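Report on the following structure.
Since this is a predicted model, take the numbers as computed values, not measurements. Ligands are counted one by one from 1 in listed order, and the atoms in each one are counted from 1 as well. Hydrogens, waters and symmetry mates play no part in the numbers below; they use all other heavy atoms, side chains included.
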Amino acid sequence: MKAVIFDLDGVITDTAEFHFQAWRNMANSIHIDFDREFNEELKGISRMDSLNKILDYGGVIDNYSDEQKEELADSKNNEYVSLLSELKPEHIYPGIKKLLDALKENDIKIGLASASKNGPTILDRLGITNYFDVIVNPALIENGKPAPDIFLKAALDLGVTPEECIGIEDAEAGIKAIKDANMFAVGVGTVDVMKKAGADIVLENTKELVFSSLLDAFKQTSPL
Ligand code: BG6
Ligand code: MG
């Protein structure tokens with residue numbers, strides 16, 4: 001194992017919840033409502049893909065021009081960014097800082113493969129930017145998750161092969177992306193959902209993201 005590539009929202013901190021709140025408020029403003037089950041489909045995918053899914057779910061996708069969609073996406077992002085102003089280092093999920101320290105101590109490279117254009121701001125607010133050897137810019141990736149492209153780009157920029165990487169994700173689309181990239185997939189979340197998506201191991205809480213356990217699990221399935 002030479003690198004660990006992290007998703008951000010819902011893995012490093014609880015911003016997945018902020019996305020949910022901001023999308024639901026935007027949807028309610030145009031008389032669409034959705035629940036947490038539908039929200040699972042929005043996790044990991046880009047801002048515009050999320051909006052299109054919501055409009056499709058509400059049966060109104062053909063009623064909006066590209067310009068109106070931009071306005072809706074902007075209004076969601078404005079609310080989301082204002083929620084981010086509350087974010088502090090104490091909001092890093094349990095176990096993450098310890099894992100980042102252990103990875104550094106063991107010379108394992110660290111990458112970020114988040115679909116979020118707000119990723120760099122979030123890492124700064126949490127005070128952990130310096131841990132990351134590579135932060136992939138999602139704006140430069142043509143095919144978003146579940147396509148493997150963002151994880152493959154992270155590996156390429158880190159100078160390692162995909163088979164030498166562990167990817168960590170909380171979204172179905174993200175687990176599929178990791179597996180299609182030929183990496184070892186660690187799912188954080190509900191066992192059934194993550195297993196169905198193809199996760200190699202599933203942890204219900206980031207507290208369980210312990211370096212030695214990850215290494216053991218990786219070694220069991222990979223000769224590298
Ligand atoms: C992903 C989130 O990390 O980033 C999605 O899981 C979100 O919910 C996507 O839509 C894009 O984020 P942003 O901040 O660029 O709108
Ligand atoms: Mg996520």
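- Among all non-hydrogen protein atoms, the one lying nearest atom 16 (O) of ligand 1 is R47 NE, 2.7 Å.
- Between K2 and I108 there is no side-chain heavy-atom pair separated by less than 4.5 Å.
- Considering backbone and side-chain N/O atoms, D7 never comes within less than 3.5 Å of an N/O atom of ligand 1.
- Among protein heavy atoms, atom 3 (O) of ligand 1 sits closest to D9 OD2, 2.6 Å.
- Of the protein's non-hydrogen atoms, the one nearest atom 6 (O) of ligand 1 is G44 N, 2.8 Å.
- Within the set D170, V11, L42, the minimum heavy-atom distance to atom 8 (O) of ligand 1 is found for L42.
- In this structure, CH2 in W23 is found 11.0 Å from CD in E79, a value given to the nearest 0.5 Å.
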Run the side-chain hydrogen bond (donor to acceptor under 3.5 Å, both in side chains) test on N205 and Y93 for me, step by step, so that the C-alpha distance in whole Å, both residues' side-chain angles and the decisive distance to 0.1 Å come before the verdict. CA-CA 9 Å; N205 191 294; Y93 270 152; over 6 Å; no
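- Ligand 1 places these atoms under 4.0 Å from at least one heavy atom of S50: 10 (O).
- For D9, the N/O/S atom at the shortest distance from the Mg ion (ligand 2) is named O.
- Looking at R36 and E17, a side-chain N of the basic residue comes within less than 4.0 Å of a carboxylate O on the acidic one, giving a salt bridge.
- Proximity to K43 (heavy-atom distance under 4.0 Å) selects the following atoms of ligand 1: 6 (O).
- Between the side chains of N25 and K76, no donor N or O sits under 3.5 Å from an acceptor N or O.
- Residue I45 holds the heavy atom nearest to atom 10 (O) of ligand 1 of all those in N118, V81, I45.
- The aromatic rings of Y80 and H19 lie parallel to each other, their planes meeting at an angle below 30°, with 60° marking the opposite boundary.
- Counting backbone and side-chain atoms alike, D7 contributes an N/O/S atom closer than 2.8 Å to the Mg ion (ligand 2).
- Atoms of ligand 1 found under 4.0 Å from any heavy atom of S114, numbered from 1 in the order shown, are 3 (O).
- Evaluated for a salt bridge (Lys or Arg N to Asp or Glu O under 4.0 Å) with K145, the options E41, E172, E169 yield exactly one hit, E169.
- Both I96 and V4 belong to a common hydrophobic cluster when Ile, Leu, Val, Met, Phe, Trp and Tyr are linked at side-chain heavy-atom distances under 4.5 angstrom.
- Of the inter-residue distances, the one linking E164 atom CD with F184 atom CZ reads 15.0 Å to the nearest 0.5 angstrom.
- For A16, the heavy-atom gap to ligand 1 stays at 4.0 angstrom or more.
- D170 contributes OD1 as its N, O or S atom closest to the Mg ion (ligand 2).
- Nearest non-hydrogen protein atom to atom 15 (O) of ligand 1 is K117 N, 2.7 Å.
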